[in-house]
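Before any comments, here is the structure.
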Amino acid sequence: TFGKKGHGSMEWMSPHVMAKGTNNFIVLDNGNKKIYSIENNFISFEKTSKISDAVNDVKTIKYPIIGYVSISPNKQSLIIYDIEKDLLIDSLSFVDETNNGNASLYDFTWSIKNENIVIAHQYLDQFSICSLDTNCKLTSINEYQTNSNYSQDKMIYSDVACGRYIYLLSQRNVDLEMFTGFSEIEIFDYKGVGIKKITLDIIADKMVLD
């Protein structure tokens with residue numbers, strides 16, 4: 001309902017929106033590296049970002065600290081960053097040690113609730129629960145898996161949402177070539193204990209926790 005995407009004057013080229021408060025938002029534009037504030041549908045320029053890489057899958061951790069995914073040919077990273085101070089807080093990387101440009105093998109999706117960040121891998125039967133301290137630095141990473149091998153032949157998790165529990169959208173019963181099968185929602189607590197599995201009668205790519 002606000003803003004335009006394009007290449008003309010005052011238009012955004014590759015914008016990401018994130019929450020700043022209850023009723024206001026921040027837009028970070030990859031195209032011109034500018035940050036805008038939105039309050040009551042009024043857009044105002046805040047500053048030029050010093051983030052050099054393209055940001056993906058941006059979420060507010062505890063404003064002004066955000067998290068985003070950085071992608072390069074040999075590495076995918078979750079970056080924790082203070083956008084007001086232009087300060088790197090912490091990062092977690094998944095690296096192609098062969099340097100063959102296979103970073104897409106390490107695709108992941110992530111979500112946050114309070115002091116917990118959950119990372120779910122697309123091509124690895126694994127999810128991780130990461131704890132944050134009061135400064136939003138990573139203090140521990142606990143991994144939960146049944147298979148330690150990456151493979152692009154089989155997608156495992158395509159989305160994750162954090163609320164009272166962890167909700168993982170699983171595609172382990174989907175044939176990616178034929179696009180047949182069904183998705184499941186696997187529910188865990190924050191100790192990695194399985195709570196419930198919901199079998200869907202559709203193939204779902206993303207989900208929203210209301």
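All values reported here derive from a predicted model rather than from experimental measurement.
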Donor-acceptor under 3.5 Å (Asp125 side chain, Gln145 main chain): no
With distance as the sole test, does Ser183 use its side chain to make a donor-acceptor pair with the main-chain N or O of Ala204 at under 3.5 Å? yes
Checking Lys62 side chain against Thr134 main chain: does a donor-acceptor pair fall under 3.5 Å? yes
With a 3.5 Å distance limit and no angle check, can you tell me whether His16 reaches the backbone of Asp29 through a side-chain donor-acceptor pair? no
Are Val27 and Phe25 packed together at the side-chain level, in the sense that at least one heavy-atom pair is separated by less than 4.5 angstrom? no
Check whether any side-chain heavy atom of Ser128 lies under 4.5 Å from a side-chain heavy atom of Gln126, and answer yes or no. yes
Just checking, is any N or O donor in the side chain of Asp107 or Gln76 under 3.5 Å from an acceptor N or O on the other one? yes
Could you check whether Tyr68 and Asp53, counting side-chain N and O atoms only, form a donor-acceptor pair closer than 3.5 Å? yes
Between Ile166 and Val160, is any pair of side-chain heavy atoms under 4.5 Å apart? yes
Check the pair Ser70 / Ser77 against side-chain hydrogen bond (donor to acceptor under 3.5 Å, both in side chains), numbers first and verdict last. CA-CA 5 Å; Ser70 172; Ser77 304; 5.4 Å; no
So how far is it from Ile119 CD1 to Leu92 CG, rounded to the nearest 0.5 Å? 4.5 Å
Step by step, would you call Ile117 with Ile80 a side-chain contact (heavy atoms from CB on, under 4.5 Å)? CA-CA 11 Å; Ile117 286 178; Ile80 301 174; 4.3 Å; yes
Rounded to the nearest 0.5 Å, what's the gap from CE on Met155 to OG on Ser170? Could you check? 10.5 Å
Pairing residues for Phe182 by the ring pair (Phe, Tyr, Trp, His ring centres under 6.0 Å) criterion, not counting sequence neighbours: none
So, do Phe45 and Ser37 sit near enough that their side-chain heavy atoms are less than 4.5 Å apart? no
Could you go through the side-chain contact (heavy atoms from CB on, under 4.5 Å) check for Ile71 and Asn56 one step at a time? CA-CA 8 Å; Ile71 302 173; Asn56 304 275; 4.1 Å; yes
Looking only at heavy atoms, which two atoms of Val118 and Phe127 are closest? And how far apart? CG1-CD1, 4.4 Å
Can you name the one residue among Glu186, Gln122, His121 that meets side-chain hydrogen bond (donor to acceptor under 3.5 Å, both in side chains) with Tyr157? Glu186
Chi angles and distances behind the side-chain hydrogen bond (donor to acceptor under 3.5 Å, both in side chains) call for Glu115, Ser131: CA-CA 6 Å; Glu115 71 281 0; Ser131 298; over 6 Å; no
Give a yes or no on whether the backbone of Lys191 and the side-chain of Asp189 come within a donor-acceptor separation of less than 3.5 Å. yes
Is Leu138 close to Leu132 at the side-chain level, that is, under 4.5 Å between some pair of heavy atoms? yes
Verdict with supporting geometry, Asp133 and Thr139, side-chain hydrogen bond (donor to acceptor under 3.5 Å, both in side chains): CA-CA 6 Å; Asp133 63 16; Thr139 58; over 6 Å; no
Would you say the side chains of Asp96 and Thr98 form a donor-acceptor pair under 3.5 Å? yes
So which heavy atom on Gly181 is nearest to which on Ile203, and how close? O-CG1, 3.6 Å
Any sub-3.5 Å donor-acceptor pair from Thr60's side-chain atoms to Tyr63's backbone N or O? no
Say whether, by atom type as modelled, one donor and one acceptor occur between the side chain of Lys154 and the main chain of Asp175 under 3.5 angstrom. no
Just verifying a value: how many Å separate Ser49 OG and Ile35 CD1, rounded to the nearest 0.5 Å? 4.5 Å
Donor-acceptor contact present, side-chain Asp82 to main-chain Glu84, <3.5 Å: yes
Output the distance between atom CD1 (Ile156) and atom CG (Leu124), rounded to the nearest 0.5 Å. 8.0 Å
Among Tyr123, Tyr106, Phe94, exactly one meets ring pair (Phe, Tyr, Trp, His ring centres under 6.0 Å) together with Tyr150. Which residue is that? Tyr106
To the nearest 0.5 Å, what is the distance between SG on Cys130 and CD on Glu143? 8.5 Å
Residues Ile51 and Val55: closest non-hydrogen pair is CG2-CG1, 3.9 Å
Side chain of Asn102, backbone of Leu105: donor and acceptor closer than 3.5 Å? no
Is there a donor-acceptor pair under 3.5 Å between the side chain of Ser93 and the backbone N or O of Val95? no
Residues Gly192 and Phe188: closest non-hydrogen pair is O-CD2, 3.5 Å
Heavy atoms only: give me the nearest Asn173-Glu184 pair and the separation to one decimal. ND2-OE1, 3.1 Å
Looking at every heavy atom in both Ala161 and Leu209, which two are closest together, and how far apart are they? CB-CB, 3.9 Å
Report yes if some heavy atom in the side chain of Gln171 is under 4.5 Å from a heavy atom in the side chain of Leu169; otherwise report no. yes
When you compare the side chain of Leu28 with that of Tyr36, does any pair of heavy atoms fall below 4.5 Å? no
What's the spacing between Ile26 CD1 and Lys20 NZ if we round to 0.5 Å? 4.5 Å
